[in-house]
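Everything below concerns the one structure shown next.
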Amino acid sequence: MARFLARRLLGAAAVLFAVSVLTFLIFQVIPGGDPALRMAGREATPQTVHDVRRAWGFDRPLYEQYATTMEKILDGSVVSYSQQINVEQEIARDLPPTLSLALGAGLIWLLFGVLFGVLGAVRAGRASDRALTVLALLGVSTPIFFLGALMLYYLGYRWGLLPLGGYVPLTRDPWGWFTHMLMPWLALSIASIGIYSRVLRAGILDTLGEDYVRTARAKGLSERRVLVHHVLRNSLIPIVSLWGLDLAAVIGGGAIVVESVFDLHGVGQYAAESIARLDVPPVLVVTLLVACAVVVLGVLVDILYALLDPRIRLSA
Amino acid sequence: MSLPPPTPARSEPTVGTEPPLAAARAPAGPWRLVAARLRRSRPALVCGALVLAVVVACLLAPVYAREVAGTGPDENHITDTVRVGSRTLDVVSPTGVPIGPTWQRRFLLGADPNGRDVAVRLLYGGRNSLEIGALATLVTMLLAVLIGTLAGWFRGLTDGVLSRLLDVIWAFPPVLLGVALGVALAIGGLDLGVVKLSSGSLLLPAAIVGVVFVPYVARPLRGQVLALREREFVDAARVQGRGNVRILTGEILPNLTSTIVVFLPLMLANAILLEAALSYLGAGVQDPNPSWGTMLAEGIRLTPGAIHLVLAPGLMLVLVVFGVNVLGDGLRDALDPRAVAGGRG
Amino acid sequence: MSDPPRSESPDTRGSQQAPPGTGTPPGTGAHDDPLLDVRDLRVSFDTDAGEVRAVAGVSLCVRRGEIVALVGESGSGKSVTALTLTGLTRRLGARIEGSATFEGQELLAASEAQLRRLRGARIAMVFQDPLSSLNPVTRVGAQIAEQIRAHEPRVSGAQAAGRAVALLDRVGIAEAARRVRSYPHELSGGMRQRVMIAMALSCDPSLLIADEPTTALDVTTQAQILAQLRALRAHSDAAILLVTHDIGVVADLADRILVMHAGRIVEHGRTREILHAARHPYTQTLLAAHSGAPARAPRAPGPALLAADALEVRFRARRRTGVHALHGVSLTLGEGETLAVVGESGAGKTTLIRCLMRLMDPTSGIVSFRGADITNASRRQLLPVRRELQMVFQDAHASLNPRRRVQSILQTGLQLRGVRGAQLRPRARELLARVGLGEEHLERYPHELSGGQRQRVGIARALSCEPRAIVLDEPVSALDAPLRAQVLDLLVRLQAQSGLSYLLVAHDLAVVRRVADRIAVMRAGEVVELAGAEELFAAPRHPYTRELLAASPDLSRELAGIGAGLSWEMPAAGPSPAGEGPATGGAPLGGVRSTG
Amino acid sequence: GSSGGTGSSASTASSSSPTVTVLMGTPPDSLDPGLGASTQSYEATWLAYTGLVTYAHAAGAAGAQLIPGLAQSLPSISADGKTYTFTLRKGLHYSNGRPVQAGDFAYTIERAIKLGWGNKQFLTGYIAGAEAFDAGRAHTISGISSNAASGQITVKLTAPFGPFLNVLAFPAAGLVPSGTPLKPLPNDPPPGVGPYEIAHVVPNQSFAVLANPQWAQQAIPGIPGGHANIAVKIVSNNQTAAEQVLSNGADVFDWNDTVPGTLLGQVHAQAASRYSQEPTVSTEFFFLNVKSKPFSSQLVREAVNYALDRQALSRLDGGALTPACYLLPIGMPGHPAGPCPYGDPNATVSAANLAKAKELIVQSGMAGTSVDVWSEPHPPHKEYADYYASVLNAIGLKANVKIVAAAQYPATIGNIKTTNPQTGWIAFSQDFPNPIDFYQLLNAESIAPTENHNLSQVNDPHIQSELTALGSVPSSKLDTVTSRWEALDEYVAQKAYIAVIGYDDVPKFTSQRIDFGALVFHPVYGNDWSTLQLK
Ligand SMILES: Nc1ncnc2c1ncn2[C@@H]1O[C@H](COP(=O)(O)OP(=O)(O)OP(=O)(O)O)[C@@H](O)[C@H]1O
Ligand SMILES: Nc1ncnc2c1ncn2[C@@H]1O[C@H](COP(=O)(O)OP(=O)(O)OP(=O)(O)O)[C@@H](O)[C@H]1O
Ligand SMILES: [Mg+2]
Ligand SMILES: [Mg+2]
């Protein structure tokens with residue numbers, strides 16, 4: 001276990017290093033990406049640009065710039081180019097909406113994914129299963145921002161049922177938080193509900209064909225017990241681990257889009273806006289944060305997998 | 001963008017219960033069997049036909065533009081008027097609101113703020129979306145097959161390096177990666193010495209989208225190759241004196257095809273969606289080439305007054321991606337020897 | 001009891017009509033009423049390839065305390081019959097006709113709830129593969145306790161757990177109290193199957209259906225499980241319906257044998273009658289496979305062809321202790337001889353072969369071919385060796401690329417020998433003809449071939465470069481009895497034709513008896529005994545060799561036990577082909593009907 | 001004792017005043033006056049950081065008028081136009097209660113330079129010794145001296161610079177106490193002198209502009225005290241923002257944003273009394289690179305000006321555009337009143353003019369030349385480019401649109417070395433009400449290889465000589481040279497160095513509870529929050 005952790009964490013560190021270098025480099029090759037020009041302001045004299053460059057260390061060799069930036073990120077003192085505010089504090093402020101979004105949507109898609117998956121498998125081949133299949137595929141096929149825009153238009157604008165975006169802190173107004181998050185949650189989780197229900201349905205059907213399920217039936221167990229203790233118990237294992245991985249992935253993917261659509265002022269939106277401003281430090285920090293989440297959750301999922309499935313031993 | 005998990009590359013179609021009474025049947029290759037199964041899946045066929053219809057329609061865009069709508073995709077009609085029934089309407093109102101669907105030849109699905117015919121642009125945009133989707137899928141598949149087979153086959157250091165590479169792409173937030181690359185490459189294009197992509201090229205978003213999805217396919221492929229290389233038929237090929245290259249191409253690759261085929265539509269669907277998302281965030285296709293993603297993104301800006309600008313590309317996108325997904329589903333079922341018609345249990 | 005012949009069961013296949021029953025099965029308590037009575041059971045499935053009639057009219061009956069064996073080759077419908085009785089094929093979409101009464105209750109028409117009360121409580125089942133049949137994520141004790149509580153709701157959890165320990169103890173698992181906390185994958189194959197048996201016994205069923213309980217196990221373990229069933233019979237009055245494809249397994253266990261073929265019962269009768277006086281040709285082939293042919297006297301071996309000298313293989317395992325798979329193995333295969341290597345699973349046989357074939361590198365030691373050291377030869381240097389030295393694999397299915405047609409599979413070897421273009425097809429056809437397959441098979445994919453056909457294709461591939469020696473890794477282990485005989489015959493014939501040398505690996509001594517000149521017995525990576533076949537069977541020197549011989553489920557022992565004095569196992573015994581045993585009298589037992 | 005504050009101190013917001021919610025589409029770049037340089041920042045900081053001079057709180061031309069701020073009166077300017085002398089008012093206090101000292105002015109300017117204020121080139125370029133200070137060669141700015149006792153402040157320039165007083169009116173020159181940390185304080189802005197102070201900053205989300213408790217005692221004539229406390233909320237979706245104001249969920253719409261065209265109908269129907277289009281002193285135009293084909297030909301440039309339909313462009317902007325042909329916008333001294341040389345921008349392009357345009361292209365011999373049209377994705381700038389390209393195609397050129405992300409846009413089109421763009425969209429809004437500001441865009445001295453501002457790359461001797469003469473006229477004496485500016489602007493239009501689209505109108509849009517009429521739309525700083533009051 002300790003060795004496993006050590007190896008995995010070492011690998012994780014390598015991955016994070018590569019991710020940070022890559023991000024850093026991407027912004028170096030951008031034409032017009034020289035932050036000194038933008039920071040020096042309008043009609044700046046070459047002298048001014050030069051000064052800015054010196055002050056921020058943009059005249060240093062790349063690896064040195066990279067090193068200092070990473071150092072600042074690690075000790076929490078990194079400042080954005082465009083607004084010159086502390087990036088990590090800014091991210092800490094933007095974390096609640098992002099976490100509300102990801103965790104809430106994650107729970108929703110897990111819950112409904114499992115529900116529909118079980119329903120579909122139990123009624124495999126029947127009309128209700130086909131309907132669920134069609135719905136699931138529709139969910140998978142709908143772009144998040146299209147769904148978000150439609151919801152905003154109909155639920156928010158036309159029918160006035162829900163607020164038109166924005167974020168209300170849970171601590172300030174729980175009900176407001178809920179109503180503001182409802183549409184983002186739905187927009188973010190629909191596709192995953194589709195995927196999870198399909199994966200689980202297939203998993204259950206596979207498991208139903210397993211010999212040990214036949215054994216369980218031959219033991220005279222009730223169908224319910226067979227389903228819950230033998231079928232679900234086994235087919236949920238991959239789902240649970242999938243969930244962990246997706247939760248991390250969604251922060252760097254769908255959540256950014258949803259935050260932008262619903263104006264949640266979350267970490268993803270901050271990153272997307274920073275990219276538009278060619279502001280490297282926030283992008284770097286958010287990217288690392290997301291990559292960190294992906295890597296760490298990857299390790300956690302492996303551990304969880306080993307806990308849930310006694311056949312798996314942690315190695316490699 | 002959340003993806004369906006990489007389907008664990010499980011048994012290839014031919015492995016499974018030996019078909020009963022096999023000897024009595026006329027020999028049917030695995031692919032013919034798949035085709036037969038696919039032919040029996042009505043939804044997959046219908047959706048396949050639908051996707052095909054859309055593709056054909058998009059290919060015929062110039063014909064529609066010339067013969068039906070009478071305007072090109074880039075022609076502005078901002079200050080023009082159009083007769084709808086007995087009334088004469090502005091194509092774009094003085095306050096900038098474009099006309100909605102007229103359900104007639106001109107401006108069938110309405111106009112956009114530049115007074116361009118949405119139906120015409122939809123067809124032209126489809127070409128770009130589909131082309132990017134197809135190219136991206138190609139990129140994904142080529143890279144994934146290359147990385148997956150090399151890593152799985154050579155193991156050791158090669159595997160270590162390639163797997164870390166996949167980890168890096170995997171850990172990189174896909175939308176951020178896409179947007180960052182999109183922004184980075186939008187002006188200067190990409191110049192890797194061998195590969196040169198100019199900034200306006202459709203290949204650019206295709207390459208970005210393609211790279212993002214590589215781990216989703218490469219990982220299961222690698223796993224499959226790891227398993228395949230232990231199979232006895234690989235030893236059999238060695239015993240007959242075959243080298244690595246011939247074993248990879250002659251023995252391993254054919255066994256990966258079903259996995260690849262299963263992933264193709266899935267990746268196509270996801271590529272189209274990711275391209276749309278990137279366009280929404282401003283890192284997609286460069287104008288003046290529309291894609292459904294860029295059209296949708298522009299439309300969203302203009303809701304609520306011009307909802308047709310959202311619905312037209314949005315529904316088209318959903319329709320095609322849905323069709324591709326259903327087709328892929330049918331294909332997967334057809335390739336899965338264990339799936340019995342009507343489901344089990 | 002009396003079971004009058006059914007008028008509706010005209011038998012055109014020569015199976016025995018059941019005359020009025022004359023007695024009770026020997027060695028059991030006398031119970032006359034049938035416990036299970038199956039009449040004209042038909043089961044069919046709808047598949048892609050159309051309707052499959054898996055069971056086409058089976059009638060049988062089992063009495064209390066009796067052991068009835070259902071024997072037949074793979075795919076003959078044994079499992080479907082067994083599963084249908086407890087309603088387990090219903091949800092597979094099976095169409096079921098006929099009737100089956102158990103303790104007077106109709107099973108086929110019973111509701112799911114009624115069946116559920118019977119399953120596990122009155123009718124228990126043991127399945128073929130104990131690993132896949134146990135829930136991998138639940139401790140074995142809990143799986144046993146679960147069944148107890150399902151049928152006896154008043155038993156507390158602790159009590160059920162206690163009973164689970166007792167049951168494991170009863171089936172001979174040491175340290176039962178500790179083992180209940182194990183997960184299935186932590187147990188050996190034999191232990192797992194014992195757990196299955198313990199589970200089956202947990203509610204004192206009156207009928208135990210065991211579907212190939214030993215097929216997935218190796219010989220020694222198989223012997224243990226059979227002993228377990230034998231013990232069960234002594235201590236409980238449960239009837240057993242034993243399903244198997246290996247007639248040798250049931251020879252000394254079953255009271256009666258039913259032979260099944262293509263969905264029908266083709267022959268039935270008391271064990272002894274079937275063994276000694278099988279009438280149906282199909283039964284005879286089943287038996288023939290088990291006739292221990294005489295061990296062959298060693299021919300004078302030609303000059304050394306392939307040799308291993310002090311081979312060592314250590315696998316660097318994840319744990320600190322590596323696996324020592326080969327330990328100083330030295331062997332020589334002479335020109336024109338058949339050298340058999342026998343050993344239980346994990347003995348290192350495959351590892352040895354892979355070293356010899358240069359598919360892996362030994363940790364130390366030398367492999368030589370025609371005296372030349374090839375231990376470190378490159379792929380190119382090996383090409384001429386490959387041409388002369390070929391291999392047939394353990395798993396015929398796995399060794400044929402499922403994506404290539406037979407034609408294309410055979411081509412590779414032909415090309416290695418320099419055959420090109422238009423020559424390829426006729427030469428491939430020739431090859432198939434040599435292994436007894438027709439031209440039509442050229443266009444087939446491996447999955448379109450039967451197991452025996454596949455292994456023949458494997459042999460044809462090995463022959464395709466006209467080698468001087470073939471290394472065969474358990475070429476028949478995965479095949480059932482009739483196929484096994486076919487393939488072995490083929491090998492013998494080919495050797496006679498072209499003077500090939502064989503290095504033949506097997507885990508079962510019986511298999512190699514007819515073909516081997518010399519036999520090497522391996523255990524835990526070492527060759528413990530190497531002797532001429534005749535000599536080895538006659539006077540096994542190493543205790544392990546003796547153990548192997550004893551575990552071999554051989555009809556000879558059963559027949560000997562019956563007193564015919566025809567045991568081939570005994571060194572002194574003279575040769576006697578199967579089926580020639582004296583047809584000891586005694587009318588076949590009733591209760592078996594086979595309908596056309 | 002407090003000097004004079006008599007008339008205007010009647011209303012002063014206090015902590016008990018009502019709170020008004022102002023929406024902002026883009027967050028201010030920095031709320032530290034020493035750093036912030038975006039309109040969003042100025043909108044807030046000019047109320048909290050008063051400089052020696054400031055603008056009158058009035059709409060239209062009156063608002064462009066400079067009035068004394070912390071100085072007792074407008075400065076005396078030496079004859080050579082290089083020395084400005086101010087006298088500080090007596091008894092001023094910062095919002096934290098600290099008294100204001102004459103030396104704080106020098107510190108404020110030094111701080112703005114050190115922090116890197118976006119427009120600091122106006123300081124370093126003209127104040128004597130500022131350049132040396134910026135480069136670290138001097139510890140103070142030699143050109144600024146002050147007398148603590150008399151309150152006298154003297155600023156020496158290196159050369160006469162007409163709009164220098166406008167520079168001092170920037171909030172960046174609004175005094176902060178000496179010793180204020182020399183690092184950006186965007187989340188906790190330093191104390192200043194003004195009717196308001198900035199507080200409760202949550203970056204990118206919200207901040208408050210609250211009544212300055214110190215203001216009541218020191219009210220300065222011409223600077224109103226305000227009526228309400230302001231809560232600013234960042235809502236980046238203009239759709240949402242407009243709907244909120246329409247439904248009275250928020251009080252003031254960001255004038256920098258556009259009300260989506262699709263919502264305009266509803267706004268006109270339901271909120272006509274609280275919505276208006278206000279002209280801004282800004283110009284949108286397509287630059288025409290005279291150094292490269294095809295715009296090196298005057299004929300082609302004329303053709304473009306003939307063919308561009310400003311009516312169509314106006315619709316693309318939801319009607320919020322005043323079509324025009326002159327660089328200097330309405331509201332800027334020097335804006336010519338005469339007719340346009342190449343067709344009337346207020347009418348649809350006539351068939352005759354279109355034909356003429358095509359003919360000019362043929363005449364020029366440039367037909368079929370390919371042209372890259374550059375723009376950025378923000379609406380309606382991309383739509384402009386799409387339309388513009390279709391016009392260029394219609395008159396015989398081969399146009400291709402290139403869109404670049406907003407953040408990269410200026411650097412991209414300003415790069416002569418790599419991009420050297422032929423034509424593209426650009427908008428310019430005034431930094432201060434002096435035409436010289438706009439003419440930086442056509443000043444040959446602005447041409448630079450990477451940071452080019454003269455995108456048409458015009459180097460016209462006539463323009464250069466006029467700029468030298470007019471540039472040194474102080475802003476306070478601008479009215480003496482208005483006609484010369486007009487002539488210059490007409491000359492530029494005649495030469496067709498650029499193709500002007502028009503002047504942007506912006507929305508003034510409030511909730512029902514705001515007194516719409518009382519809200520001043522200031523020509524420099526937009527909605528004047530100190531005039532926000534409830535009905
Ligand atoms: N669920 C099913 N659907 C379709 N066909 C089936 C199904 N189950 C069994 N069969 C077919 O029924 C026939 C009898 O199968 P069964 O499993 O009873 O054979 P068996 O005698 O037990 O063989 P083995 O020794 O391999 O276990 C086979 O041809 C098999 O392919
Ligand atoms: N690649 C490997 N890594 C680690 N251990 C291995 C490997 N291959 C084989 N072994 C171990 O080496 C020993 C010998 O294995 P081998 O496959 O040669 O046995 P075998 O005699 O062929 O058995 P079977 O009858 O099951 O085929 C076993 O304990 C096995 O677990
Ligand atoms: Mg079976
Ligand atoms: Mg082996």
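A, B, ... follow the sequence lines: proteins, then strands. Residue 1 opens every chain.
- Of the two parts of A:Leu308, only the backbone, made up of N, CA, C and O, holds a non-hydrogen atom closer than 4.5 Å to a non-hydrogen atom of chain C.
- Between the OH atom of A:Tyr212 and the CG atom of C:Leu131 there is a distance of 11.0 Å, given to the nearest 0.5 Å.
- Taking a 6.0 Å sphere around CZ of A:Phe112, one finds it holds 12 or fewer heavy atoms contributed by other residues, nucleotides or ligands.
- Top candidate by heavy-atom pairs under 4.5 Å with chain A, chosen from C:Met196, C:His185, C:Met199, is C:His185.
- When all heavy atoms of A:Thr215 and C:Ser133 are compared, the closest pair comes out as OG1-O, 2.7 Å.
- Scanning all heavy atoms of the two residues, the minimum distance from C:Pro136 to A:Pro310 falls at O-CG, 3.4 Å.
- Distance check, rounded to the nearest 0.5 Å: OG of A:Ser222 to CZ of C:Arg117 gives 12.5 Å.
- C:Ala150 and A:Gly220 make their closest contact through CB-O, 4.3 Å (heavy atoms, listed as atom of the first residue, atom of the second, distance).
- Heavy-atom proximity under 4.5 angstrom to chain A picks out C:Leu83, C:Leu88 from residues 82-90 of chain C.
- Residue C:Glu186 does not touch chain A at all, counting heavy-atom pairs closer than 4.5 Å.
- Contact check on A:Glu223 versus C:Arg116 returns no salt bridge, with no Lys/Arg side-chain nitrogen under 4.0 Å from an Asp/Glu carboxylate oxygen.
- Annotation: C:Arg95, atom CZ; neighbour count of heavy atoms from other residues, nucleotides and ligands within 6.0 Å is above 12.
- No side-chain heavy atom of A:Lys219 sits under 4.5 Å from any side-chain heavy atom of C:His151.
- Side-chain contact, A:His230 with C:Glu146: a donor N or O sits under 3.5 Å from an acceptor N or O.
- To the nearest 0.5 Å, atom CD of residue C:Gln128 and atom CG of residue A:Asp211 are 8.5 Å apart.
- One finds the CD atom of C:Gln143 at 11.5 Å from the NE2 atom of A:His229 (value rounded to the nearest 0.5 Å).
- The most heavy-atom pairs under 4.5 Å with chain A, out of C:Glu112, C:Arg139, C:Arg119, come from C:Arg119.
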